[in-house]
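Okay, so here's the structure we're looking at.
Values below: all heavy atoms of this structure, side chains included; hydrogens, waters and symmetry mates excluded.
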Amino acid sequence: SVGNIALSATVSGDPLPVTRVDFVANGVVIGSAASAPYAFTWPSTKPGRYQLSARAIDTLGVAGESAPASILVTNVVPVVNITAPADGAKSSVKDAIRFAATATDAASPINRVDFYVDHKLVSISSNAPYEFQWTKPTPGSHSLIARAYDNLGAAANSPTINFTVTNLPPSAALVSPVKDQVVKLPAAVQLTAKVTPGDAPIVLVNFWADYKLVGSATNPPYTALWTNPPAGAYSVSAHVKDALGAVTVSDSVVFQVVKP
């Protein structure tokens, strides 16, 4: 595999002293040894197929070369694991989520670690510790993969972990009208809801009477006037929507509108 490769050679058959032994890879001298034992460590070898030979040179400059030996140098892929969040973790949409991974490689330094949420690249971390803060997580179930690259281009994925981002919905209750209230025309019906935000801000409160939209409010206090309602009995509810799309419907209140 890539990295430091130890090479050695023996010399025989020459009555003259040997001045050096050159080690040759694909026709290029990569190192030399001036004395026995003739050995050389080939550093930072890149992946590929090589023809290796040893060339001995005596004191008269006469050289003899060994038969070539073919070797295949392969790259070891990184080993990467996610350390945060834990598989199955749950967090609120209000909170940033810390992604963290460890990455090692037996043959080459780690170049970078990429983080993918739902197969979409969200961060590149070039230095250990390999971390990222996902500051605007989206509600729902997600998958996370870390992909590590070494300096020789080899890459590997971590095991996939799954986590959930929750959006606590708002709560809502009708304050007005009250149950069994009687409103005499031509008075307008005061529609008011008590709303408590969940994990996201409130963007809209709609008031519905028997499946008909009769009023809306976007800011507290959440109130609206229903003018000139026809006489009759109605079931009214408040539908509250937050900025992330969560919707809560209040309990219904039944009241009456009567003619004077």
Are any of the side-chain heavy atoms of [X] and [Y] separated by less than 4.5 Å?
X: I110; Y: P78; answer: yes
X: V189; Y: Y234; answer: no
X: S125; Y: E131; answer: no
X: I57; Y: V62; answer: no
X: F99; Y: V117; answer: yes
X: P85; Y: I161; answer: yes
X: P229; Y: V214; answer: no
X: D22; Y: R20; answer: yes

Of all heavy-atom pairs between [X] and [Y], which one has the smallest distance, and what is that distance?
X: V165; Y: T138; answer: CB-O, 3.3 Å
X: P43; Y: T41; answer: CD-O, 3.1 Å
X: V76; Y: A106; answer: CG1-CB, 4.4 Å
X: V18; Y: A56; answer: CG1-CB, 4.4 Å
X: L7; Y: I30; answer: CD1-CD1, 3.8 Å
X: A200; Y: N167; answer: N-OD1, 4.0 Å

Transitively linked via ILVMFWY side-chain contacts under 4.5 Å: [X] with [Y]?
X: F207; Y: V240; value: yes
X: Y130; Y: F132; value: yes
X: W208; Y: I202; value: no
X: V122; Y: L144; value: yes
X: V21; Y: L52; value: yes

Seminar exercise, completed: Per side chain to side chain contact (heavy atoms under 4.5 Å, CB included), Q190 is matched among L225, V183, V175 by L225

To the nearest 0.5 Å, what is the distance between [atom1] on [X] and [atom2] on [Y]?
X: K241; Y: T218; atom1: NZ; atom2: OG1; result: 13.0 Å
X: S235; Y: Y211; atom1: OG; atom2: OH; result: 7.5 Å
X: L121; Y: S123; atom1: CG; atom2: OG; result: 7.5 Å
X: I5; Y: I71; atom1: CD1; atom2: CD1; result: 4.5 Å
X: S158; Y: Y116; atom1: OG; atom2: OH; result: 11.5 Å
X: N162; Y: T160; atom1: CG; atom2: OG1; result: 7.0 Å

Exercise. When the ring planes of Y50 and W42 are compared, do they come out parallel, tilted or perpendicular, using 30° and 60° as the limits?
Worked result: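 Perpendicular: the ring planes of Y50 and W42 meet at over 60°.
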
Enumerate donor-acceptor pairs with a distance under 3.5 Å from any side-chain N or O in residues 244-260 to protein atoms, sequence neighbours excluded.
residue	atom	partner	partner atom	Å
T248	OG1	P170	O	2.5
S250	OG	A238	N	2.9

So, the side chain of [X] versus the backbone of [Y]: is there a donor-acceptor pair under 3.5 Å, distance only?
X: T166; Y: S91; value: yes
X: D242; Y: P201; value: no
X: T223; Y: L191; value: yes

Problem set entry | Pairing of D114 and R147 as salt bridge, 4.0 angstrom limit |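 No, D114 and R147 are not salt-bridged.
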
For this session: Give the C-alpha distance, both sets of side-chain angles, the deciding distance and a yes or no for side-chain hydrogen bond (donor to acceptor under 3.5 Å, both in side chains) between N206 and H239.
Result: CA-CA 5 Å; N206 285 329; H239 295 226; over 6 Å; no

